[in-house]
Amino acid sequence: MTMHMSGWIEVGGVGDVPLRGSRVVRAPGGDIALFKSADGHIFALRDQCPHKMGPLSQGIVHGRSVTCPLHNWIIDLESGEAQGADHGCSNVIALRVEAGRILLDARALALEAA
Amino acid sequence: MTEKLVVIGNGMAAGRVLDHLFERDAGRYSVTVFGSEPRVNYNRILLSPVLSGEKEFDDIVTHDQAWYESHGVDLRAGVTIVSIDRAARTVTDSAGLVTSYDKLLVATGSSPFVIPVPGANLPGVVTYRDLDDVNAMLAAAQKGGSAVVIGGGLLGLEAAAGLAARGMKVSVVHLMPTLMERQLDAAAGYLLQGAMQSRGVDVFTKANTKAVVGDSGKVEGVLLEDGRTLPADIVVMAVGIRPNAALGKAAGLTVNRGIVVDDEMRTSDPDVFCVGECVEHRGQCYGLVAPLFDMAKVVAARLMDDPAPRYEGSSVSTKLKVTGVDLFSAGDFNEADDREDIVLRDASRGVYKRLVLKDDRLIGAVMYGDTADGAFFFDLLKTGADVSDMRDTLIFGQSFVGGANQDPNAAVAALAASAEICGCNGVCKGTINEAIAAKGLTDVAGVRAHTKASASCGSCTGLVEQLLSISLGAGFQKADVEPMCGCTELGHDDVRRLIVARELKSIPQVMQELEWKTSCGCAKCRPALNYYLLCDWPTEYQDDSQSRFINERVHANIQKDGTYSVVPRMWGGVTSPAELRAIADVADKFAIPTVKVTGGQRIDLLGVRKEDLPAVWADLNAAGMVSGHAYAKGLRTVKTCVGTDWCRFGTQDSTGLGIKIERFMWGSWTPAKVKMAVSGCPRNCSEATCKDVGVICVDSGYEIHFAGAAGLHVRQTDLLGKAATEDECIEIIAALTQAYREQGRYLERMYKWSNRVGLETIRAQIMDDMPRRKALYQRFVVSQATAQTDPWAERVAGKEAHEFNPLMMELAEAAE
Ligand code: SRM
Ligand SMILES: Cc1cc2nc3c(=O)[nH]c(=O)nc-3n(C[C@H](O)[C@H](O)[C@H](O)COP(=O)(O)OP(=O)(O)OC[C@H]3O[C@@H](n4cnc5c(N)ncnc54)[C@H](O)[C@@H]3O)c2cc1C
Ligand code: SF4
Ligand code: FES
């Protein structure tokens, strides 16, 4: 993996994440979940449900949300917020897509790790 | 001596008169019915679902052959009456045969009007009135190509939607500026036009037909007044109807537009009654069934010399039977100075509602997109109630008028007992509630059977369900009424029916065609659709792994800490030292923290890391073990006892049979999980009587039980039937499972399916109807051919590798 000057870290290609699916990124500070919505947008969240830490990467992706596999909370991919009656938030990781490569914000990750 | 009643015309009105007549006194008349159509009585208004493929002709028959026989009715199907001799009291048919009567009932209905343009009688021009017309359209649709429907009224639009559903390229040509202008105002007409266009139907309004063209003895197109020609392989004329009054007129009865009757439904001849669309009553002719059914009650009473009921005219309301288009209209909504309009629009939901008031009374209502309050408004309209004190909130419907009420049943609960629920059959709320109480009814089918409510066009099914739910409370399975999820208005059964009828073969196609409200569904509907498609198109459908719950996506059960459990199949609960050794080795090699014997007679390895799954499976595969599908909405376990092999009471080889069943049925997907068991004698050590399917061996063969459960609900099985041999036993179980696969709603366990459709219905399909059993069995076999590949082996070989290989990141290094 290359370290970019700006503090963006490349983790893979857009094509590595299945449509309406997800991919786990193993990071020292804890797993990160990459999601790709039906319209091809990539999102990154800490792979932990605000409810009981369920792995969001294992959920079903629909619209711009994911349903947690453990107890069906629905998490908004853009804000990380739980939807509906549930309350809680999963950290959003800033990301950029450049020439088909996915770059995550190293500072956000460092904070996560701390 | 019995009197002779002759009926001319075997349509909806005639059929209903006979129903009422036999309810009152089955023996008084000897009845002869003449019908031009060569078939039994059927529900004409359901021809559109037959055309679109949502129903079969058999589903819409109201009186079958057996009915005529058991009621002693002499049915002359395919025989037309050409004249009536009132002096001699006889009728003559087209073959010249003369039949005499004491009382005559004319129920000849009406005929479609054909506009007299050049080419109107070319082959390929059809009208829309009876089954022959539908068959002609279906024959055309089979060849594909284009259809032009002339007339944008109720019938024309239903024909257009049906032909489009059958894959034709359809255009509707309509003379007026907006569709259904007699029932809808312009705003609703436009919304409807949009809905038709989104179904791929082109709509030409203000379009006058000049000619139907075609030379080689067949239609080729429709020429419009403005010079445009629309290509057509078939032309459907649906521009209006005309009462069939000619026979009456020739017989000297008083006839204007229709055959004139008084409030007792008598024509100018006291022995001749008339009913249906051929009638003119107080200057009015009708073209919908509700008035005809009102008339039929009066006719039947009169034939029994009961002078009480009188016919005083009907108000009518209209609903269009195009799946997914919700519209309702009733009364008068022309603009005038003395009238006041209340309008509500909600563009985001595609809702439009308009009420027309005159002197503080509701005289007209149009609703598009949300017709839930149709019955409420129609009731206000018919009773002419003063609405001044609810005027401000009236348009929001009944729940608002009664105060801010959150109960979805409140609107229906508040209806008066006299409020009409079923417009087609004129059944009011009180009648339905009485039937529910008196007959102990628990479902819509029961209400239909006893009151006829929702038996015709079916659009009041939701209201009937709400009445059931109000009467029965928690005892009513409200799931029946519920949409699949927030993404659609359609319930599971409708979606399943439409997937088959319209041959929808992918999730995006279902969502497009059935107008899903979300872009790609949700976690509730996607897994259900994936299952339905897999079940209905086993050899064609491509499974969508992103529409599966994680357990079925990675073929292991997720645990609370994000690790997985692995349960290999242990056929019939029988294992061997070699298998046990392999399991032990795997547990050691991957440091699997827990090894547990399950309640399903096999071994669970709990706490496996996701990345290790393929390697764990590879080792288990190498020892001959495959996935136990402990995660699947599919066949889980077949528990057995030791049977004749060892047990001193065993009557049959229960272990062997259990293994055979599991080997034959593993891998099949089902609406919810399926667990089975085989016990060697009625001591039942494998607990077969609390399984989805359980076999109890007895000396003479095999008792097959089903619909048991021992989870959230404990329910003992019901006996389905007996089999003499193992093969027969397996055939029955596979057919039963296939019926459940095809009829069960997603996540509905077998016992819930059985509670819903009824033990007798299922037994009739599997045990009594041999051809049906064989067909079900055959379909199960076909789907197994593609289902029985071990998902573990596939993943060991690299399928869906991204699931098990996380992307890596060296954050420590990067953050320095
Ligand atoms: C492992 C096992 C418990 C055990 O250690 O014995 C088990 C474990 C689970 N059961 Fe069970 N059930 C197990 C036998 C049963 C039985 C007994 C049986 O099959 O004879 C029942 C009652 C019989 C029945 O189903 O009617 C049973 C009734 C349930 C239910 C209630 C189902 C219902 O419709 O009422 C659930 C919940 C559900 O499916 O929604 C459930 C759900 C579960 C889940 C899948 C919970 C979940 O969603 O994560 C558990 C998964 C654990 C895992 O990862 O393995 N389990 N579960 C048993 C596995 C059997 C096997 O070999 O496949
Ligand atoms: C496709 C379609 C959809 C419809 N949808 C709706 C709807 O949603 N809601 C609604 O309220 N209404 C609907 N209607 C209208 C409804 O079907 C009619 O109002 C109703 O069928 C009229 O009943 P009837 O008994 O008067 O006439 P019919 O049902 O037409 O019966 C008359 C019968 O008499 C026979 N006959 C005529 N002359 C003779 C003769 N001389 N000798 C022997 N037999 C003869 C005819 O062949 C016919 O079978 C629809 C109609 C069609 C065609
Ligand atoms: S009973 Fe079944 S679902 Fe409940 S904790 Fe035990 S294994 Fe889990
Ligand atoms: S941990 Fe996600 S819903 Fe409970």
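In the text below, chain A, chain B and the rest are named by the order of the sequence lines, each starting its count at 1.
- Residue B:Ile550 holds its CD1 atom at 10.0 Å from CG of A:Leu70, rounded to the nearest 0.5 Å.
- Taking CZ of B:Phe549 as the start and OG1 of A:Thr67 as the end, the distance is 10.0 Å to the nearest 0.5 Å.
- Neither the backbone nor the side chain of A:Ile74 comes within less than 4.5 Å of any heavy atom of chain B.
- Summarising the geometry, atom CZ belonging to A:Arg20 is positioned 4.5 Å from atom OG belonging to B:Ser547; distances are rounded to the nearest 0.5 Å.
- Ranked by non-hydrogen atom pairs under 4.5 Å with chain B, the options A:Gly63, A:Pro18, A:Gly54 are led by A:Pro18.
- Here B:Glu803 contributes atom CD and A:Gln58 contributes atom CD; the two are 6.5 Å apart, rounded to the nearest 0.5 Å.
- Summarising the local packing, NZ of B:Lys505 is surrounded by more than 12 heavy atoms from other residues, nucleotides or ligands at distances under 6.0 Å.
- Checking side-chain atoms of B:Arg553 against main-chain N and O of A:Ile60 turns up no donor-acceptor pair under 3.5 Å.
- By the 4.5 Å heavy-atom criterion applied to side chains, A:Ile102 and B:Leu807 are not counted as neighbours.
- With a threshold of 4.5 angstrom between heavy atoms, A:Pro69 approaches chain B through its backbone and through its side chain.
- Across B:Val554, B:Asn805, B:Asp561, the residue that shares the most heavy-atom pairs under 4.5 angstrom with chain A is B:Asn805.
- Interface remark: B:Arg548 contributes backbone atoms only to the contact with chain A (heavy atom separation under 4.5 Å).
- Heavy-atom pairs under 4.5 Å with chain A peak, among B:Lys610, B:Lys560, B:Glu800, at B:Lys610.
- Taken from OG in A:Ser22 to NE2 in B:His802, the straight-line distance is 8.5 Å, to the nearest 0.5 Å.
- At most 12 non-hydrogen atoms from other residues, nucleotides or ligands lie less than 6.0 angstrom from CD of B:Gln542.
- The two residues B:Gly562 and A:Pro55 come nearest to each other via the heavy atoms CA-CG, 4.1 Å.
- For A:Ser57, the part lying near chain B is the backbone, with the side chain staying farther off; criterion is any non-hydrogen pair under 4.5 Å.
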